[in-house]
Structure formats: C-alpha cells, structure tokens
Amino acid sequence: MIKAVRGTRDILPPASAVWNHVERIAREVFRSYNFGEIRTPIFEATELFARGVGEETDIVSKEMYTWEDRARAQSEKTQSLTLRPENTAGVVRAAIEHNLFESGQLQKLYYIGPQFRRERPQKGRYRQFSQIGAEVIGPPSSGSESPLRDAEILEMLATLLDELGITGWTLELNSVGSAADRAKYNETLRAALVPVVSQMCADCQRRAVTNPLRVLDCKIPADQPIIDTLPVIADSLDEASRTHFAVVTASLDAAGVPYTLNHRLVRGLDYYTRTTFEFTHGGLGAQNALLGGGRYDGLSEVLGGPRAPGIGFAMGEDRLVLTLLAALDQKAAAQQKAEAFIAPLGESLNAAALVLARELRHQGLWIELGEGSFRLKKSFEAADKTAHHIVILGEDELKSGILTVKNFSTGIQTKVPRAELAVFLAEPPRE
Ligand code: AMP
C-alpha cells in the first residue's frame with residue numbers, strides 16, 4: 001500500500017471544517033485591519049531563501065527540500081529550486097518584483113498556505129505544514145518603521161486568537177535591536193562565554209564560536225543556570241532601538257494586550273531586527289509555539305530591493321487547529337450534517353429526487369441525495385448519519401406535492417407542501 005509521506009498528513013472531514021473555520025476567521029480579521037491577500041509560488045529559487053532567511057539558520061542549512069531543476073530547452077538553464085520553508089522571503093521578493101514599494105504606500109499583505117521543512121516529525125511538527133501570516137512593509141516615508149505598526153500587529157494577533165476562542169496564550173516579547181546592536185551583543189556574549197562554555201553542552205560549545213546568539217536557544221536543563229547569568233541583549237541596544245521598544249510596550253499597555261519580556265527570544269531567522277515575539281500555548285506540549293514573528297528592517301535590501309522596513313508573523317495553522325480541535329469537535333461534526341436527506345422510493349423516482357434536491361440547494365440548503373434502489377430502512381439509517389431531516393419522495397408525494405418529512409432530533413414526522421419545504425427544513429436554525 002502507498003501511504004502519505006512521513007511528516008505529511010491528509011486533512012479529512014470533520015477536521016477540515018475546523019481548518020476552514022480558522023481560515024474564515026483569519027480572513028475576516030485581516031480584512032478589518034485592511035490587509036489584502038497575496039499568493040506566492042510554492043517553490044522559488046534556492047538563493048531567495050539562502051539570502052533572505054540566512055545560510056547559517058537551521059532552516060537553510062538542514063531543512064530545505066531543494067533540487068536541481070533540469071533545463072528542458074537550450075534557452076533554459078538548470079536551476080536550483082526549493083519548496084518554500086516560510087513565506088516572508090517570497091512576499092518581499094514579490095513586492096520588489098512588482099514595484100509595490102514605489103507607490104509610497106504601506107503594503108499590508110497576508111497569506112495562507114503550505115510550507116515545507118525537513119524536520120523530525122512529532123505532534124505539532126510536520127514536514128508539510130500550513131502557515132497563516134501577514135507582513136506590513138513599505139518605504140520609511142509610509143510609516144513602516146513606526147512602533148505603532150508593531151503594536152498594531154500584536155494587538156491584531158491578540159484579537160485573532162480571541163476571535164478563534166483560543167484562551168490561555170502567552171505573548172513573549174523582546175527587542176534584538178539593529179543589525180549593529182546584534183553584532184555588538186554577539187561579541188559581548190562571546191566574551192562572557194569564554195570562562196563558562198567548557199561546562200556547557202557540545203552544541204553550545206560550537207555555537208559559542210560560530211554564532212553565540214544561538215546559545216540562548218539551548219534547551220538542555222543543565223545549561224540553563226549558566227545562560228541565566230549571561231548578559232542580556234537589552235543592555236546592548238542603542239538609544240533609537242530602546243525608544244522604539246519602549247513605545248511598542250507602552251502602546252500594548254494602552255491597548256490592554258498582556259505580554260511578558262523574554263530576553264532570550266532571538267528567533268531562528270537571521271533577518272530579524274528590533275521587535276521579536278512569539279505566542280505560546282500551554283496545551284501544545286513540546287511544540288508550544290503558536291506563532292512567531294518580528295521586524296525585518298533590512299530584508300528588502302538583502303533581496304536587492306529598496307529600503308523597506310517591515311514587520312510580520314507566521315502562525316502555525318496545524319497548531320491552531322490542534323488547540324481548537326478538542327473543543328470544536330462536536331460542533332464541527334454537527335455542522336457537517338446536511339439539512340435534509342432526500343429518499344426517493346424506487347429508482348424510477350431518482351430523477352425527480354435530483355430535481356427536488358436542486359430546487360432546495362438553490363434556496364441555500366445543504367442537501368444529501370439518497371438512492372431509489374435503497375430499502376426505506378437503509379435510507380433512514382443513511383439519513384440519520386448525514387442529515388437533520390429525511391424527506392420521503394414517493395409517487396404519491398410527487399403527484400400531491402405534499403412531502404413526508406421526519407426531524408431526527410425531535411422524532412416528529414410532518415406533511416409539508418413542496419412550496420414550504422425549504423423554510424420548514426431551515427428551521428430550527430442549524431447549530
Ligand atoms: P517560524 O517560521 O519557524 O517562526 O514558525 C512560525 C510558526 O509556524 C511556529 O510558531 C509554528 O506554529 C509553525 N511551524 C513552524 N514549523 C512547523 C512545523 N514543522 N510543523 C508545524 N508547524 C510549524
């Protein structure tokens with residue numbers, strides 16, 4: 001038997017209804033903040049991610065699905081392509097390619113779609129997963145650098161999680177400063193690590209040399225007390241970054257969005273500057289990050305574009321659904337039921353049943369169509385599983401225009417004129 005590839009999943013009903021619910025709410029919230037949707041290709045030139053995400057990151061160095069795409073004609077070149085591991089680089093590439101920054105307007109773009117990383121699969125971590133993300137980016141004159149943009153994005157995320165009914169989340173916040181601040185901090189860390197690093201894990205010993213900032217990501221319990229004594233990045237920030245961050249936190253206070261400061265939140269991608277953040281949820285287990293993001297003021301230039309500061313986030317849709325699934329399971333199952341199952345009494349009534357189904361569907365109802373060769377008992381069993389009502393269509397009903405309808409939740413059987421059927425079936429309203 002051929003099975004789905006390790007780390008990939010099939011999303012089946014009724015869980016798919018929860019996915020649709022999450023996407024519908026996300027679209028509504030993005031709309032109310034005046035974001036528009038962008039859809040970028042699922043594969044891009046490998047170089048985009050090497051430059052935009054950073055060669056040194058785990059994503060680029062270990063996790064990408066990359067292949068040499070052979071030339072099929074003399075006019076083509078063989079090219080290294082990669083399934084996108086994240087969407088920010090693609091969005092910024094598209095904005096540059098379509099000259100979106102030339103308008104002078106702030107670009108507010110959101111996306112929903114699959115991403116690919118060759119990670120070790122476990123609950124909440126897959127090789128194909130879906131992200132819902134958004135970016136606010138534009139020339140400095142559009143106000144893209146303002147700390148208000150950071151606060152608005154974070155306030156929007158708090159609203160989105162609330163709208164989804166996800167409670168108990170924690171917003172962790174930090175500022176990693178400008179590229180120069182980060183470089184300065186890296187050197188401070190490097191020096192501070194010299195006397196202690198020999199007591200740390202092998203990974204930290206390597207990171208202390210290659211990229212000291214990454215020591216802060218270490219999860220080994222024995223290393224934690226040592227990491228707690230290291231200098232914090234807040235002390236390496238210049239005046240401008242410090243003020244920027246103070247305005248972000250003051251705006252969140254004003255809007256009543258709760259957060260905690262986490263000096264160790266430096267995030268996995270190289271392009272982050274200033275504000276970085278993560279929303280976590282206790283119910284998720286080891287993979288507890290619902291979403292992450294931050295400011296990336298230099299990314300457009302790295303990708304050959306004009307100066308265009310910005311801020312964005314990506315949320316793991318798989319993890320949102322996992323968080324919601326238990327609570328929504330029953331409701332989703334109920335929502336999966338059609339309003340009525342139409343049971344033709346005999347194959348000669350199949351065509352008439354199709355016409356009745358069409359009539360009701362055109363009036364906005366969800367209809368399941370039975371099959372005239374079924375015995376009545378079998379139709380009732382099938383109807384009970386898939387619909388709130390059964391509508392019996394025999395020769396008599398067809399001639400008289402009076403149909404027999406049974407409501408499965410009340411058990412009551414009623415005669416209903418065909419012209420009133422749609423209204424009758426729609427009430428009581430669906431759960
Ligand atoms: P990142 O781009 O790594 O910051 O990821 C942003 C969010 O995407 C994370 O907080 C997760 O919710 C989700 N995510 C990242 N990698 C995976 C994965 N392999 N499987 C499922 N969700 C993921």
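On a predicted model such as this, the values are computed, not experimentally measured, just so you know. Each ligand, and each atom within it, is numbered from 1 in the order the structure gives. In this chain, residues are counted from 1 in sequence order.
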Q: Side chain or backbone of Glu278 under 4.0 Å from ligand 1, or both, or neither, by non-hydrogen atoms?
A: neither
Q: Below 4.0 angstrom from a heavy atom of Gly124, which ligand 1 atoms are there? Numbered from 1 as shown, please.
A: 20 (N), 21 (C), 22 (N)
Q: May I ask you to check whether Phe129 has an N/O atom sitting below 3.5 Å from an N/O atom of ligand 1?
A: no
Q: Flag yes if more than 12 heavy atoms outside Arg39 fall under 6.0 Å of its CZ atom; otherwise flag no.
A: no
Q: Do other residues, nucleotides or ligands put more than 12 heavy atoms under 6.0 Å from Arg72 CZ?
A: no
Q: Looking at Glu381 and Lys378, is any side-chain nitrogen of the basic one under 4.0 Å from a carboxylate oxygen of the acidic one?
A: no
Q: Where does Arg127 meet ligand 1, judged by heavy-atom distances below 4.0 Å: at the side chain, the backbone, both, or neither?
A: neither
Q: Check ligand 1 against Ala314 and write out every atom of the ligand that is under 4.0 Å from a heavy-atom position of the residue.
A: 6 (C), 7 (C)
Q: N/O to N/O below 3.5 Å, does that happen between Leu290 and ligand 1?
A: yes
Q: Just to verify, what does Glu119 make a side-chain contact (heavy atoms from CB on, under 4.5 Å) with, not counting sequence neighbours?
A: Glu63, Arg117, Arg125
Q: Start with the C-alpha gap between Lys184 and Asp181, add the side-chain angles, then the distance that decides, and say whether salt bridge (Lys or Arg N to Asp or Glu O under 4.0 Å) holds.
A: CA-CA 5 Å; Lys184 190 169 102 192; Asp181 295 340; 5.1 Å; no
Q: Which is closest to atom 13 (C) of ligand 1 by heavy-atom distance: Ala289, Pro121, Gly316?
A: Gly316
Q: Output side-chain donor-acceptor pairs under 3.5 Å for residues 285-296, partner residues at least two apart or in another chain, one line each.
A:
from	atom 1	to	atom 2	distance (Å)
Gln287	OE1	Arg319	NH2	3.4
Arg295	NE	Asp150	OD1	3.2
Arg295	NE	Asp150	OD2	3.0
Arg295	NH1	Ser144	O	3.2
Arg295	NH1	Asp297	OD1	2.8
Arg295	NH2	Ser144	O	2.9
Arg295	NH2	Ser146	O	3.4
Arg295	NH2	Asp150	OD1	2.7
Tyr296	OH	Glu135	OE1	2.6

Q: Are there more than 12 heavy atoms of other residues, nucleotides or ligands under 6.0 Å from atom CZ of Phe43?
A: no
Q: For Leu291, counting its heavy atoms only, list the atoms of ligand 1 lying under 4.0 Å from any of them.
A: 10 (O)
Q: Within ligand 1, which atoms have a heavy atom of Glu119 less than 4.0 Å away?
A: 16 (N), 17 (C), 18 (C), 19 (N)
Q: Under 3.5 Å between any N/O of Arg117 and any N/O of ligand 1: does that happen in this structure?
A: yes
Q: Pick one of side chain, backbone, both or neither for how Ile59 approaches ligand 1, counting any non-hydrogen atom pair under 4.0 Å.
A: neither
Q: Aromatic contact between Phe30 and Tyr110, with the criterion being ring centroids under 6.0 Å apart: yes or no?
A: yes
Q: Is Glu86 near ligand 1, meaning one of its heavy atoms is under 4.0 Å from it?
A: no
